[in-house]
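Contents: one structure, followed by commentary.
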Protein chains: 2
Amino acid sequence: MYDVGEFLKTNGIKPSYQRIKIYEFLMNNKEHPTVENIYHALNGKIPTLSKTTVYNTLKIFIDKGIAMAITIDDNEVRFDAHMDLHGHFKCEHCHQIIDFNVNFEGALGDALEGFEVLEQQMFLYGICKTCREES
Amino acid sequence: MYDVGEFLKTNGIKPSYQRIKIYEFLMNNKEHPTVENIYHALNGKIPTLSKTTVYNTLKIFIDKGIAMAITIDDNEVRFDAHMDLHGHFKCEHCHQIIDFNVNFEGALGDALEGFEVLEQQMFLYGICKTCREES
DNA sequence: GTATCTGCAAAACATTTGCAATTCT
DNA sequence: AGAATTGCAAATGTTTTGCAGATAC
């Protein structure tokens, strides 16, 4: 695996131990973890870790463009270091969040002519294939 | 204007004074108000109104399918009684939320084959036409 | 040695819950 | 009267802030 510390430096982020571990966690856990998820997962390895640091670090990652916030739930924010343009599907049955490909140009036509679009999110909700086949 | 009380009844909602006023407010203010917005706007006419009632009422509207929650901001939920399928653009400069037409089929192709899609949201962020022309 | 980063504790918000008072039929 | 609705006050849960101690260059 490549050097996360170097990657953070390249993006203008000082690579502290906590920041490296949090970024590695996001890389290895693409299930769109919450702050709570990240905190609990790393608290074993870094007993002194605080949620404040997790919040601070995620804010830095987002500001520097190496992670994004996913507000597909209305009560907690999830995070994703997978920066390719893609949509998120939330299964109301198994509560998983599944990535899918989106053609944003095909969706828009000439709506938003003259607008400058900086970020694009598509959230779908329903029942995923696996849950449908089980029932 | 048509009879809001009748409309609520048709959708299985008992038309109390508060519910009628809240629904009328959503109809007349399509700028995707927050609970705070609704509460403050109506508190003048209904001095005894509580935020609890606003929350309860909006939950009923959503359950009955006559309004939807818009989680385009990650710190507060907005509400929309405009139930046609459409996307939301948030201008980072003037902070307005603007509706636009979306072709969801065109965006998906054969991604999500076998999934049951019950709700669709598209959120774009950037600078709106008006703000761009001003600068 | 000076900047930055971390993390505790407290504060700030949005939202939910319990329950008693009110309203409606 | 009886059932539903309202609204206050308290609780909950997430995120932010202030600040003192630790760490890094």
Side-chain angles (χ1 to χ4, degrees), chain A residues 3-6 8-9 11-25 32-64 66-80 95, chain B residues 4-6 8-9 11-25 32-64 66-80 95 97:
Chain A
D3 187 331
V4 171
E6 277 307 314
L8 294 181
K9 269 193 222 170
N11 286 280
I13 300 166
K14 287 198 184 171
S16 75
Y17 182 68
Q18 287 88 338
R19 290 171 180 176
I20 290 172
K21 289 300 169 193
I22 291 170
Y23 190 76
E24 282 179 355
F25 184 79
H32 316 90
T34 62
V35 165
E36 186 68 23
N37 296 153
I38 298 167
Y39 173 73
H40 265 110
L42 295 179
N43 205 21
K45 285 186 183 176
I46 319 172
T48 64
L49 183 68
S50 80
K51 278 191 192 172
T52 304
T53 298
V54 179
Y55 278 107
N56 287 341
T57 301
L58 291 168
K59 182 168 289 179
I60 292 169
F61 288 175
I62 290 168
D63 287 349
K64 299 296 185 180
I66 65 168
M68 64 168 115
I70 308 292
T71 58
I72 196 166
D73 297 299
D74 57 351
N75 50 342
E76 59 190 356
V77 183
R78 295 174 172 277
F79 296 90
D80 197 348
H95 304 115
Chain B
V4 170
E6 277 307 314
L8 294 181
K9 268 193 223 170
N11 286 278
I13 300 167
K14 286 199 185 171
S16 74
Y17 182 67
Q18 287 87 339
R19 290 172 181 174
I20 290 171
K21 289 300 170 194
I22 291 171
Y23 189 77
E24 282 179 355
F25 184 80
H32 317 89
T34 62
V35 165
E36 187 67 24
N37 296 152
I38 298 168
Y39 174 73
H40 265 110
L42 295 180
N43 205 21
K45 285 185 182 174
I46 319 173
T48 64
L49 183 67
S50 80
K51 278 191 194 173
T52 305
T53 298
V54 179
Y55 277 108
N56 287 341
T57 301
L58 291 168
K59 183 168 289 180
I60 292 170
F61 288 175
I62 289 168
D63 287 349
K64 299 296 185 179
I66 65 168
M68 65 167 115
I70 308 292
T71 57
I72 196 167
D73 297 299
D74 57 351
N75 50 342
E76 59 191 356
V77 183
R78 295 173 172 276
F79 296 90
D80 196 348
H95 305 116
I97 292 172

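Sequence lines set the chain letters: A, B, ... in the order given, protein chains first and strands last, and positions in each chain run from 1.
The CG-P distance, from B:Asn43 to D:dG7, rounds to 10 Å in whole Å. The separation between A:Ile46 atom CD1 and C:dC5 atom P is 16 Å, rounded to whole Å. Atom CZ in A:Arg19 sits roughly 11 Å away from atom P in C:dG7 (whole-Å rounding). The nearest whole Å value for the distance from the NZ atom in A:Lys51 to the P atom in C:dA10 is 16 Å. Straight-line distance from the CD atom of A:Glu36 to the P atom of D:dT12: 16 Å, rounded to whole Å. Rounded to whole angstrom, the span from the CD atom of B:Glu76 across to the P atom of C:dA12 amounts to 18 Å. Distance CG (A:Asn37) to P (D:dT14): 11 Å, rounded to an integer number of Å. The nearest whole Å value for the distance from the NE2 atom in B:His40 to the C1' atom in C:dA14 is 14 Å.
The phosphate of C:dT6 has neither OP1 nor OP2 within less than 4.0 Å of any side-chain N or O from A:Ser50. Proximity of B:Gln18 to the phosphate of D:dG7: a side-chain N or O atom is located under 4.0 Å from OP1 or OP2. The phosphate of D:dT16 has neither OP1 nor OP2 within less than 4.0 Å of any side-chain N or O from A:Tyr55.
When all heavy atoms of B:Arg19 and B:Lys14 are compared, the pair lying nearest together is NH1-O, 3.0 Å. A:Leu49 and A:Tyr39 make their closest contact through O-CE1, 3.3 Å (heavy atoms, listed as atom of the first residue, atom of the second, distance).
In this structure, A:Asp3 contributes its side chain and A:Gly5 its backbone to a donor-acceptor pair below 3.5 Å. The backbone N or O of A:Thr71 sits less than 3.5 Å from a side-chain atom of B:Thr71, completing a donor-acceptor pair.
When both pairing distances are held under 3.5 Å, C:dA3 makes no Watson-Crick or G-U pair with any nucleotide shown. The partner of D:dT23 is absent, by the rule that a Watson-Crick or G-U pair needs both atom distances under 3.5 Å.
Taking for each of B:Leu49 and B:Lys14 the nucleotide of DNA chain D with the nearest heavy atom, the 5'-most of the two is the partner of B:Lys14. The 5' end of DNA chain C is approached more closely, in terms of each residue's nearest nucleotide, by B:Val35 than by the other of B:Val35 and B:Tyr17. The nearest heavy atom of DNA chain D to B:Asp74 and to B:Ser16 marks one nucleotide each, and the one closer to the 5' end goes with B:Ser16.
Checking C:dT16, C:dT15, C:dC8 against every side-chain atom of B:Lys59, the shortest atom distance belongs to C:dT16. For B:Thr53, whose side chain is taken as the heavy atoms from C-beta onward, the closest listed nucleotide among C:dT16, D:dT14, D:dG7 is D:dG7.
Residues A:Asn37 and A:Thr34 have side chains that bring a donor and an acceptor to within less than 3.5 angstrom of each other.
Residue contacts shown for B:Thr48 are limited to sugar-phosphate atoms, with no base heavy atom under 4.0 Å away.
Taking syn as a glycosidic angle within 90° of 0, D:dA3 does not qualify and is anti.
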